[in-house]
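The structure under discussion appears below in the form of structure tokens.
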Protein chains: 4
Amino acid sequence: MFEQEEMLIQQLFDEEKLTEKQSKILIAAIESFSEKGYASTSTSEIAKKAGVAEGTIFRHYKTKKDLLMAIVVPIMAKVVGPYIINDFDKVLNQQYDRVEDFLRATIENRREVLKKLLPVVKIMLQEIPFQPELREQFIDLIAKNLFGRVSHIIEGYQQKGQIIEMPALSVARLVITSVMGYLFSRYILFPEAPWDDELETERTIQFIMHGLGKGE
Amino acid sequence: MFEQEEMLIQQLFDEEKLTEKQSKILIAAIESFSEKGYASTSTSEIAKKAGVAEGTIFRHYKTKKDLLMAIVVPIMAKVVGPYIINDFDKVLNQQYDRVEDFLRATIENRREVLKKLLPVVKIMLQEIPFQPELREQFIDLIAKNLFGRVSHIIEGYQQKGQIIEMPALSVARLVITSVMGYLFSRYILFPEAPWDDELETERTIQFIMHGLGKGE
Amino acid sequence: MFEQEEMLIQQLFDEEKLTEKQSKILIAAIESFSEKGYASTSTSEIAKKAGVAEGTIFRHYKTKKDLLMAIVVPIMAKVVGPYIINDFDKVLNQQYDRVEDFLRATIENRREVLKKLLPVVKIMLQEIPFQPELREQFIDLIAKNLFGRVSHIIEGYQQKGQIIEMPALSVARLVITSVMGYLFSRYILFPEAPWDDELETERTIQFIMHGLGKGE
Amino acid sequence: MFEQEEMLIQQLFDEEKLTEKQSKILIAAIESFSEKGYASTSTSEIAKKAGVAEGTIFRHYKTKKDLLMAIVVPIMAKVVGPYIINDFDKVLNQQYDRVEDFLRATIENRREVLKKLLPVVKIMLQEIPFQPELREQFIDLIAKNLFGRVSHIIEGYQQKGQIIEMPALSVARLVITSVMGYLFSRYILFPEAPWDDELETERTIQFIMHGLGKGE
DNA sequence: AATGAATGAGCATTCATTCAT
DNA sequence: CATGAATGAATGCTCATTCAT
């Protein structure tokens with residue numbers, strides 16, 4: 001698990017070369033923030049868990065909030081953003097013949113990411129309401145990128161008569177919340193229930209497909 | 001707004017007779033917890049906002065956490081729980097001829113509640129991950145009551161052949177996350193977007209109905 | 001035990017007529033002060049133990065320190081003072097033929113008093129260093145009354161050639177600390193050791209008598 | 001006086017190397033605890049007197065009680081314990097030909113120690129009744145070490161027929177309380193009276209020697 | 001007389017941050 | 001670069017005391 005987390009860190013933060021101490025600080029901070037919340041985690045606790053001196057944290061991150069941002073911003077910038085965009089680009093380029101296949105791939109992809117980055121995602125969700133900077137980034141990302149892109153695709157399918165006549169934004173909302181609802185139930189609400197992931201993925205896809213079908 | 005909040009408080013906490021000071025403390029705490037989070041709100045701040053001495057808070061609520069619980073537990077116990085159950089009882093007693101009508105009434109009802117209790121619901125969602133007591137109550141409520149009841153209804157409809165063959169639990173998840181996803185988008189994510197509530201409600205219902213339809 | 005304590009209270013405080021609430025407050029305060037110390041006992045704790053409202057304490061005793069004084073001053077005034085004086089008066093009036101008999105009676109008398117008033121005596125000893133008012137009273141009592149009287153008696157015996165030639169004050173100190181040392185060991189230091197009181201009293205008397213004897 | 005106290009501190013706490021701030025904190029704490037009692041001394045007061053920030057106290061002593069223990073435990077462990085034992089070892093090894101000489105040396109030694117450590121001894125005596133940990137240590141030290149050693153010596157003298165036939169424990173009690181009674185009168189009760197220490201020491205020794213003599 | 005809600009100063013303790021080494 | 005002692009403002013909480021009922 002430690003090795004796995006380290007890889008996660010390397011993956012999330014690779015661009016800036018991290019020293020070993022910095023990695024340890026980030027891992028410790030992610031673990032503590034995720035377990036007890038940002039406001040209830042003390043920097044001294046992080047220092048102890050990371051095995052560094054208290055002052056060392058502040059050499060790398062000017063304030064505690066900077067440390068939080070160093071954790072959460074990359075997730076927003078790299079994970080929620082481009083990953084999604086890459087996927088969609090594949091769809092837009094007809095790499096998936098059917099919507100089902102796109103949904104399946106997307107869900108699977110999201111699932112993998114969420115499983116690995118769960119602690120960071122938890123921190124992000126917790127702190128978005130209280131950090132205006134995060135909030136704005138998030139809204140932008142969701143509103144402009146995610147909804148925008150999805151809406152675009154949807155309008156395509158609607159013109160081909162394959163899905164229901166409904167404002168693309170509403171369709172986007174329905175699809176996204178269905179997918180997110182699944183992932184949220186799966187990993188946040190009931191992570192310990194016995195899930196048959198393949199089956200539930202199919203059911204979710206089926207539900208969405210029917211839900212968007214022209215009915216009758 | 002103040003008057004409105006006071007009514008909210010009265011409604012949530014009516015059984016125990018609240019003194020004026022207690023009401024003021026609760027209102028101030030709800031406002032602050034909702035805006036800045038439980039851990040980042042100081043009791044002195046609440047006292048100042050409520051216009052009482054700091055000691056007064058601790059006369060009524062032995063600890064800061066007790067104050068939090070006094071706010072969140074009733075919401076769980078009274079609002080999420082029985083309200084839902086009452087609605088479902090109506091369905092079970094055939095008060096709604098069609099699933100659509102039931103969904104419509106439920107969504108509308110939830111919408112009203114959420115609109116009024118938004119700050120408290122926000123606090124609840126924020127603190128569930130960090131307060132084991134809340135977490136357990138919530139899981140119980142959702143898992144045993146909400147999912148249980150909904151599953152029961154679903155099985156009824158499935159026997160009548162009106163909805164798709166799929167484990168009731170999965171159906172329940174899909175329906176509930178669709179409804180919650182709507183309300184979450186509407187009130188938490190984009191409360192300031194221009195929403196046509198009646199229309200979106202219908203679209204959500206339509207989506208769910210088709211999604212659960214036997215397809216073709 | 002409760003009844004016994006009530007009698008103690010009545011005995012200590014009889015002159016001012018105490019209401020039932022006052023008695024309860026005093027008993028509760030003595031118990032708490034004795035167990036946890038004056039400074040570490042809160043008035044609310046006393047109120048709860050006494051079964052009265054917090055305000056009631058302050059109706060009878062203007063401040064917490066007044067309550068302490070109401071407990072400790074009578075002990076000094078009535079118990080340490082006059083009792084001793086009465087005993088000594090008996091000696092001075094030749095009611096005891098031999099010093100031994102006087103010592104024996106005095107020790108026995110002190111022993112009874114100490115057993116009953118132990119909690120109050122403990123409080124007194126604890127607070128004397130910190131309450132100048134008490135300290136002065138105590139020094140006066142010990143220095144002027146106790147030492148004074150004893151010195152007077154001692155000088156008598158010295159003139160009769162029955163005890164050693166030594167300043168009366170020094171003799172008084174030796175006698176008093178011997179007696180007090182016994183009682184202190186018996187009731188404060190090792191109250192739970194198995195003591196044969198009669199025997200130890202005799203030994204103490206014998207030690208003092210020899211110690212004051214003309215040697216040889 | 002400041003220099004003297006610093007030496008005291010160095011003597012009491014030498015093994016662990018104390019920083020300058022730690023010394024200042026200890027000196028300030030000893031002064032305040034001794035004057036006003038542990039419970040009535042606030043940490044902010046100690047900080048101010050020591051000329052350090054309040055947080056500094058808690059960096060070195062996790063709680064206020066830890067600070068108390070850091071002051072009192074070494075006194076029990078180092079001063080009351082080994083010093084006494086060393087003295088007795090000298091007696092046991094026949095370094096003193098006569099009991100008188102032993103008593104004289106012991107009293108003198110105790111007197112020096114007490115004079116220097118008076119504030120700390122005061123704190124110790126004050127807090128023993130309320131700190132179970134201290135109480136146990138003290139009882140152990142007195143009961144098992146002091147009384148045990150003294151009893152052993154006494155039995156030796158009794159076998160040589162030099163002192164009275166009486167259970168060694170009782171003899172020990174009489175001797176110890178006589179010595180302690182002198183020191184207590186001298187330094188705690190009437191420190192400001194004019195004492196001729198040499199003379200009073202001799203009188204106390206004489207009293208004990210006669211008291212334990214075979215009478216006649 | 002008795003109550004107990006209300007007060008606000010005070011307390012022990014924590015914490016993010018700084019800085020000399 | 002890294003350390004960790006030092007800081008002092010802030011925090012949750014307690015307490016003796018007051019006062020309207």
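Note on naming: letters A, B, ... go to the chains in the order of the sequence lines (proteins, then strands), and numbering restarts at 1 for each one.
Note on C:Thr43: a side-chain N or O is less than 4.0 Å away from OP1 or OP2 of F:dA16. When the side-chain nitrogen and oxygen atoms of C:His60 are compared with OP1 and OP2 of E:dA1, none of them lie within a distance under 4.0 Å. Residue A:Thr63 has no polar side-chain atom (N or O) positioned under 4.0 Å from OP1 or OP2 of E:dA16.
Side chain of C:Thr56, nearest nucleotide from F:dG8, E:dA6, E:dT3: E:dT3. Which of F:dA20, F:dA6, E:dA16 sits closest to the side chain of C:Arg59 comes down to F:dA20. Comparing F:dT14, F:dT17, E:dA16 against the side chain of C:Phe58 picks out F:dT17 as the nearest. If you check E:dA16, E:dT7, F:dA6 against the side chain of D:Lys21, the one that comes closest is F:dA6.
When both distances must be under 3.5 Å, the Watson-Crick or G-U wobble mate of E:dA2 is F:dT21. A 3.5 Å limit on both hydrogen-bonding distances identifies E:dC11 as the Watson-Crick or G-U partner of F:dG12.
Between C:Ile57 atom CD1 and F:dT18 atom C1' there is a gap of 14 Å when expressed in whole angstrom units.
In terms of modelled atom types and a separation under 3.5 Å, the side chain of D:Tyr38 and the main chain of D:Lys65 share a donor-acceptor contact. Between the side chain of D:Lys24 and the backbone N or O of D:Ala47 there is no donor-acceptor pair closer than 3.5 Å.
Side-chain polar atoms of B:Thr43 and B:Glu54 form a donor-acceptor pair below 3.5 angstrom. Checking C:Lys49 against C:Ser32 by side-chain atom types alone, a donor-acceptor pair falls below 3.5 Å.
C:Ser42 comes within contact range of the sugar-phosphate backbone alone, with a heavy-atom separation under 4.0 Å but no base atom that close. Residue contacts shown for A:Thr19 are absent, as no nucleic acid heavy atom lies under 4.0 Å away. Heavy atoms of C:Ser40 sit nowhere under 4.0 angstrom from any nucleic acid atom.
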